[in-house]
Amino acid sequence: MMQRRTVLKLGTAAIGALALAQYEPSRRVWTGKGFGADLSVIFYENNNDTAQTFAAIEREVERLEDVFSLFRPASALSRLNRNGVMQNPPEELVELLQLSKLIWTATGGLFDPTVQTVWSAEGHALNPAMGFEQVEIGHDFIQLAEAGAALTLNGIAQGYASDRLARLLRRRGHAEHLINLGEFAAGDGPWRLAIENDDAQRVAHTDLENLGLATSSPGAMTRANGQAHIVHPFGKTPIWKTVTVEARSSAIADGFSTAVALMPKQQIDRLSLRSLGIATIWLEDQNGVVEKIT
């Protein structure tokens, strides 16, 4: 399983809101565990395939954890970190690393999977990360240039997995769905979701439809040395209390919410949101002031 890096109340809010609505016999809710979180998937049955869809969801979650989990020694990512190179990597790992490289570039290096080297060191200093430019990504191989280098995709894999489940549900004819694998992917809707910070205070709400949503709260957890669990690749401290990003995919929302939590406002203002696939950003500063950027 993956360690959760955010505290999100949206799933509970969404399910609670639906419970207030008129009962609909076709609505189905799958719940389970994975990626270090309680998971839920809501969809509407249209062909009496609930049991088969539940089983397909469980298989897909298990399969994706076998690619991305740092807590499974045999996962693809664990093997890459251990060996420093991987021949014929899973296509999901290649796809997500390529998207991570795009976000790394767009954020000036603030989204950097090589911060796993900082986590692994468990030092008390604010050590800089190795640098994602040292990672070579290809469809036939992936290579970490430096000995002892390691990657984590905890800042984006949950969003990516939510997107993969959304594709699965659409293939099975369930276009109306809400997926919560720690980050959210919504199909046809809209789905009204409350956004809360790590103090369980509501800071905003949104009506999510065919978009992804992710929230990062650096103060939600701390590392063993007392520093924020969202690691700044250049050894600095996070700037924002809570960041929520709504984007065309949950993976994009997930990756950018991680990076924007470390980003000065001037740099955020320079982001080309539309070209990056971002619809909305909510920022909560350390004084609790919330700003919405579109």
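Ring-centre distance between Phe43 and His177: not below the 6.0 Å cut-off.
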Task: From CA spacing to verdict: side-chain contact (heavy atoms from CB on, under 4.5 Å), Asn47, His174 - done: CA-CA 10 Å; Asn47 52 9; His174 303 298; 4.1 Å; yes
TODO: Report the C-alpha distance between Ile239 and Val260 in whole Å, list the side-chain angles of each, state the deciding distance to 0.1 Å, and finish with yes or no for side-chain contact (heavy atoms from CB on, under 4.5 Å).
DONE: CA-CA 9 Å; Ile239 293 174; Val260 171; over 6 Å; no
- [ ] Apply side-chain contact (heavy atoms from CB on, under 4.5 Å) to the pair Asp112 and Phe234, showing each step before the final yes or no.
- [x] CA-CA 10 Å; Asp112 189 343; Phe234 306 131; 5.8 Å; no
Open item on the list: If you apply the rule side-chain contact (heavy atoms from CB on, under 4.5 Å), what do you find for Ile195 with Arg202, and how did you get there?
Closed with: CA-CA 6 Å; Ile195 300 170; Arg202 182 172 298 189; over 6 Å; no
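We find the CG-CZ distance between Leu80 and Phe141 to be 11.5 Å, quoted to the nearest 0.5 Å. With rounding to the nearest 0.5 angstrom, the OG atom of Ser69 is 9.5 Å from the CD atom of Glu62. The distance from atom CD1 of Ile278 to atom CD1 of Ile293, rounded to the nearest 0.5 Å, is 10.0 Å. The distance from the NE2 atom of His139 to the CG atom of Leu93 is 12.0 Å, given to the nearest 0.5 Å. Expressed to the nearest 0.5 Å, how far CZ of Arg27 lies from CG of Leu178 amounts to 10.5 Å. Between Ser40 atom OG and Lys33 atom NZ the span is 11.5 Å, to the nearest 0.5 Å.
Here the closest non-hydrogen pair linking Ser162 and Leu181 is OG-CB, 3.3 Å. Closest of all the heavy-atom pairs between Asp188 and Arg170 is OD1-NH2, 3.7 Å. For Ala247 against Ile252, the heavy-atom pair with the smallest separation is CB-CG2, 3.7 Å. The two residues Thr258 and Gly155 have their closest heavy-atom pair at OG1-O, 3.2 Å. Nearest heavy-atom pair, Phe68 versus Leu77, reported as atom, atom and distance to 0.1 Å: O-CD2, 3.4 Å. Among all heavy-atom pairs drawn from Phe111 and Gly255, the shortest one is CD1-O, 3.4 Å.
Between Leu271 and Leu276 the shortest side-chain heavy-atom distance falls below 4.5 Å. Contact check for Leu70 versus Asn81: side-chain heavy atoms found under the 4.5 Å cut-off. Residues Leu110 and His232 form a side-chain contact, since some pair of their non-hydrogen atoms from C-beta on lies under 4.5 Å apart. The side-chain heavy atoms of Leu39 and Trp30, taken from C-beta on, include a pair separated by under 4.5 Å. Between Thr280 and Val245 there is no side-chain heavy-atom pair separated by less than 4.5 Å. In this structure, the side chains of Arg164 and Leu168 stay at 4.5 Å or more apart for every pair of heavy atoms. Taking 4.5 Å as the limit, some side-chain heavy atom of Thr215 sits within range of a side-chain heavy atom of Thr242. Asp38 has its side chain out of reach of Thr31: every pair of non-hydrogen atoms, C-beta onward, lies at least 4.5 Å apart.
A distance-only check finds a donor-acceptor pair linking the side chain of Arg79 to the backbone of Ala74 [under 3.5 Å]. Here the side chain of Trp240 pairs a donor or acceptor atom with the backbone of Met263 at under 3.5 angstrom. Panel note: side chain Asn180, backbone Phe184; no donor-acceptor pair is recorded below 3.5 Å. No donor-acceptor distance shorter than 3.5 angstrom exists from the side chain of Gln158 to the backbone of Gly182, with no hydrogens or angles considered. Using a distance-only test at 3.5 Å, with no hydrogens or angles considered, a donor-acceptor pair links the side chain of Asp163 to the main chain of Ala251. Remark: side-chain polar atoms of Arg59 are not paired, donor with acceptor, to backbone N or O of Phe54 under 3.5 angstrom. A side-chain donor-acceptor contact under 3.5 Å links Glu65 to the backbone of Phe35. At distances below 3.5 Å, at least one donor-acceptor pair connects side-chain atoms of Asp285 with backbone N or O atoms of Asn287. No donor-acceptor distance shorter than 3.5 angstrom exists from the side chain of Asp49 to the backbone of Thr53, with no hydrogens or angles considered. Here the side chain of Glu45 pairs a donor or acceptor atom with the backbone of Thr50 at under 3.5 angstrom.
Residue pairs satisfying the side-chain hydrogen bond (donor to acceptor under 3.5 Å, both in side chains) criterion with at least one member in residues 259-278, sequence neighbours excluded, are listed as follows: Lys265-Asp269, Lys265-Glu291, Ser272-Ser275.
Not counting sequence neighbours, the partners of Glu60 by the side-chain hydrogen bond (donor to acceptor under 3.5 Å, both in side chains) test are Arg63. With sequence neighbours excluded, no residue forms a side-chain hydrogen bond (donor to acceptor under 3.5 Å, both in side chains) with Thr107. The side-chain hydrogen bond (donor to acceptor under 3.5 Å, both in side chains) search around Ser75 returns Ser78, not counting sequence neighbours. With sequence neighbours excluded, no residue forms a side-chain hydrogen bond (donor to acceptor under 3.5 Å, both in side chains) with Thr105.
A chain of hydrophobic side-chain contacts below 4.5 Å, direct or via other Ile, Leu, Val, Met, Phe, Trp or Tyr residues, connects Leu193 to Val29.
Side chains of Glu183 and Ser250: no donor on one and acceptor on the other come within 3.5 Å. Counting only N and O atoms by type, the side chains of Glu246 and Thr206 include a donor and acceptor under 3.5 Å apart.
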Identify every side-chain donor-acceptor pair in residues 94-101 under 3.5 Å, counting partners at least two apart or on other chains, and give the distances.
from	atom 1	to	atom 2	distance (Å)
Glu95	OE1	Tyr160	OH	2.6
Ser100	OG	Leu96	O	2.8
Lys101	NZ	Val135	O	3.4

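Between Phe132 and Trp104, the two ring planes are perpendicular [angle over 60°; tilted spans 30° to 60°].
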